K.L.:
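One structure, pasted below without further comment.
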Amino acid sequence: MAKRTTEIIVGLFMIAGCAALLVLALQVSGLSAKSAENTYTIYANFNDSGGLTPRGRVSMAGVTVGTIESITLNKETFQARVEMSIHSDVDNIPADSSAVIRTSGLLGEQYIDISIGADMESLKDGDTFYSTQSAMNLERLISNFASGRAEN
Amino acid sequence: MIDRIAAFGRLGLDVVSSFGRSGRFLAGVLAGVPRPATGFPLLVKQLYAVGVLSLPIIVVSGLFIGMVLALQGYTILSDYGSEAAIGQMIALTLVRELGPVVTALLFAGRAGSALTAEIGLMKATEQLSSLEMMGVDPLRRVVAPRLWAGFISMPVLAAIFSVIGIWGGMLVGVDWLGVFEGSFWGNMQSSVDFVDDVLNGMIKSVVFGFVCAWIAVYQGYDCVPTSAGISSATTKTVVYSSLAVLGLDFILTAVMFGDF
Amino acid sequence: MDSSAYISLRDVVFSRSGRRIFDGVSLDIPRGKITAIMGPSGTGKTTLLRLIGGQLRPDSGSVVVDGHDVPKLKRKALYAFREKMGMLFQSGALFTDLSVFENVAFPLRVHTKLPEDMIRDVVLMKLEAVGLRGARHLMPSELSGGMTRRVALARSIALDPELIMYDEPFAGQDPIAMGVLVKLIRDLNSSMGLTSVLVSHDVPESLSICHYACIIADGKIIGEGSPEQLREHPSGQVQQFLQGQPDGPVPFHYPAEGAARDFGLSGGVS
C-alpha cells in the first residue's frame, strides 16, 4: 500500500538522519567509544604552553593516545600545568619520557608529542613528566637568529 | 516630505502588525495537544513531502560543496605546507556553518516555497474554508503537520548534508589530491568537538527549521487567494526565509562561537 | 420574531477593508424550507453565508442560528456547531489529494468513530444519492465541474446536517448539470428535512425551487417574499434584476465623469 511505503521511506529518512549524526559524532568529532573508556591522567609542566588548547591531541610516535584536558597556571613556578588523559591501554609510557609541544605543519594545530624514554618503570595516574620541551616560538626563534644568539 | 515620513510610518506599522499576526497564527497552530492517532499519519505524509523529497538536492549540493571546499582549501593550505589540515577545515566549515545554512537556504527554496504554494492554493480553492465549515480547524489539520515536518526535517537534512559534504571532501582531498588519509581524519577529529561544533550546528539547524517552516506556512495561510497572491507569497517565503536564516546565523554564531 | 425561523439576522452591519458590505440587514430564514438569496455579483451574498457559518463576525447586529448566537460562540463551541451545517462551495473545494471516496469519508473520519465498513456504507449511500457511486475511485482532477459539485454536495451531507448552504451552485454549469443540481437540492430538502440556503444570481433556477427568496443589493434587502410575491414586486430595482434588463435603476455605466470630458471633446478643459 502507498501509505505503508511512505511510512517506511520516512522511517528510513529519520534513520539516515540519526546515522548521519552518529557519523558526525564518531568519525568527524572523534567522540569515540575509546575516549569514553577508562583513561588515566598525567601532567606536564611547560615554561611556555604556546598555542596548546584543551581537547588538543596527545600522540606517541604520531599515534593519538590521549587528549589535553586542561591548561592551568601553576602560581608557584609560573609554569603552565597541562593535564592530559591517556587511554588506559597505553599504560607503559617510560617514566623518563619527555613531553614535547609540536606543531602539525607550519601553521597547524599544536599538540603534545611524547618522546619515548628508556626507563623500565612507566608513568602512573597522577604522575608528572620529568622533562618537557616548550613550544617553539617562531617569533623568538627569528629574533634569536637575527641577533645571532644561541638558543637559550 | 511629510508624505514620505507617513509612508515610512505606515511601513513600520505594517511590519509590526504582520509580526503580530504571524505570532498569533503560530500560537493558534501550536495551541492544543495534537492527537497522536490522527496527527501522526498526517505528520508522516508531510515528512515525506518536506523531508524525503528534499533529500536529492541536499545530497547533491552537499557532495559538490564538500568537493569544492577540498579543492579550494588544498590550493590555499598547500602554500603553507599544511594540506593535512584540509580535513579539519572542511569538517569545521560544514558542521558549524555551511551544513545548517546551505541546507536551510535550499530548504526554503525547495520545500518552503512548495509549502506556501500548497497552502495558498488550498486557500484559493476554498479547501481551508470548507475544512472550517466542516468543523475542522485548518490550523491544526493542515498547517500544524507541515510546520512540525519542517521543524523535524531540517536538522536531519543538515546532518546528512554535512556527512555527505565531508565524504565529498575526502573523495577529492584524499583520493584525488593525495592528502594522507590518517592525517585527514586525525586533524579533523582533534579539532572538531562534538558538543561545541556538532551540537551547536544542530541547534542552528533546529532554529532555522523552525523559522523557515513558520515563514512558509504563514505566508501560505496569509496570502491573497489569487494566482498573483500565491506567486508573491511564494517569493516572499524564499526571500524572507533566506534573510532570516542569514541574519539568525550571524546572531547564533556570535552567541555560540564568539568570545564574549 | 417568526417562531419557525431557523436563522435570523438582525441589523447586521459588516464592512471589509473600509467598504460597507451590509448596512443593517435583517432576515429570517424559515426552518425546513429552501431560501434563495439573490443579488447582483459583488453584493456580498457569499459573505452572508460566511456570517451565518461564523467564519466572519459582523461589526454589529446579531446572527442567531437555531438558538445559538453565532458571533459570540467560543472557538470550540463554534466548531462543534459547524458539524450541524454543510456548505457547498462555489468551486466545490474538494481536497485535491484525496479520492472521491475519501473526500466524502473525510467528515465522517474526523467527527465520528464509526468502524471502517460503516463509513464505507455511509459514503456509498451519499454518493448514490448524488448518482456518483461509480465514480468513487476517481481523483478530483478527473471530474467535470458538475460532478465536482455533486461530490462536494455528497460530502457536505455526509454528517446529515440540519442546515446546508449552497454558494452559487449553478454558476458555470451546463443545462444538464444545472438540472441535476436543481433536482438534487429539491430532493435533499424534502427527503432529509433540511433547511437550505441558496445563494445565486441565476434567477429562473433559484425561483423554481425556492419557497422563499430575498434579493440583496447595495448592502440592503430590497425585496423578499415567495417567488410569486417577488414577481409582483413594485420596486423597479427588483424587476430589473429578475428580468435582467441592462439599464434601469441600476445604471449600465459605472459612475464616471462626463464622457465629453474623458474623451477630450470639450476643448481641452482639464
Side-chain angles (χ1 to χ4, degrees), chain B residues 10 14 17 24-25 27-35 37-46 48-50 53 114-115 117-146 149 220-222 224-227 229-230, chain C residues 17 46-47 49-56 65 70 73 75-98 102-113 140-141 148-149 151-153 155-159 161 163-168 197:
Chain B
R10 205 159 45 236
D14 281 352
S17 83
R24 276 180 51 187
F25 164 81
V29 175
L30 299 179
V33 188
R35 279 168 294 172
T38 54
F40 190 70
L42 293 173
L43 180 63
V44 167
K45 203 169 160 189
Q46 290 310 319
Y48 181 77
V50 169
L53 294 184
L115 282 179
E118 192 187 6
I119 295 179
L121 209 62
M122 287 179 85
K123 185 178 183 181
T125 54
E126 295 175 310
Q127 292 185 45
L128 295 183
S129 271
S130 96
L131 273 174
E132 257 182 49
M133 289 307 296
M134 275 185 235
V136 179
D137 188 345
L139 286 185
R140 282 183 213 164
R141 178 87 197 183
V142 174
V143 176
R146 287 170 171 77
Y221 194 77
D222 197 51
V224 181
T226 59
S227 39
I230 293 173
Chain C
S17 50
T46 306
T47 311
L49 293 187
R50 286 177 191 256
L51 284 169
I52 295 172
Q55 284 187 313
L56 297 172
V65 179
V70 179
L73 284 178
R75 184 187 174 89
K76 210 168 191 171
L78 184 62
Y79 278 108
F81 157 75
R82 281 182 187 154
E83 289 174 32
K84 290 196 296 183
M85 50 170 85
M87 180 151 173
L88 180 68
F89 285 87
Q90 197 167 348
S91 61
L94 294 181
F95 303 125
T96 41
D97 54 341
L98 298 178
E102 286 300 323
N103 259 292
V104 180
F106 183 83
L108 296 167
R109 289 195 204 284
V110 176
H111 289 304
T112 68
K113 293 206 169 14
S141 54
T148 303
R149 252 171 244 196
V151 173
L153 186 57
R155 187 179 65 178
S156 42
I157 58 171
L159 287 171
L163 166 69
I164 183 159
M165 297 187 276
Y166 303 94
D167 186 4
E168 304 278 8
V197 180

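Computed from a prediction, not measured in an experiment: that's the story for all the values here. By convention in this document, chain letters (A, B, ...) are assigned in the order of the sequence lines, proteins followed by strands, and residues within each chain are numbered from 1.
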K.L.:
Side chain, backbone, both or neither: which part of C:Leu159 has a non-hydrogen atom closer than 4.5 Å to chain B?
P.N.:
neither

K.L.:
Would you call B:Lys45 and B:Pro41 a side-chain contact if the rule is heavy atoms closer than 4.5 Å?
P.N.:
no

K.L.:
Tell me, please, which residues at least two apart from C:Phe95 pass ring pair (Phe, Tyr, Trp, His ring centres under 6.0 Å).
P.N.:
C:Phe106

K.L.:
Tell me, please, which residues at least two apart from B:Arg146 pass side-chain hydrogen bond (donor to acceptor under 3.5 Å, both in side chains).
P.N.:
B:Glu118

K.L.:
Measure distances from C:Met85 to the heavy atoms of chain B and classify the residue's part below 4.5 Å as side chain, backbone, both or neither.
P.N.:
both

K.L.:
Measuring heavy-atom distances to chain B, does C:Thr96 have an atom under 4.5 Å in its side chain, in its backbone, in both, or in neither?
P.N.:
both

K.L.:
Using non-hydrogen atoms only, which part of B:Lys123 is less than 4.5 Å away from chain C: side chain, backbone, both, or neither?
P.N.:
neither

K.L.:
Would you compute the distance between atom CE of C:Met87 and atom OH of C:Tyr166 and round it to the nearest 0.5 angstrom?
P.N.:
12.0 Å

K.L.:
Are C:Lys84 and C:Leu163 side-chain neighbours, meaning at least one heavy-atom pair lies under 4.5 Å?
P.N.:
no

K.L.:
May I ask you to name which of C:Leu88, C:Leu78, C:Leu94 has the most heavy-atom pairs under 4.5 Å with chain B?
P.N.:
C:Leu94

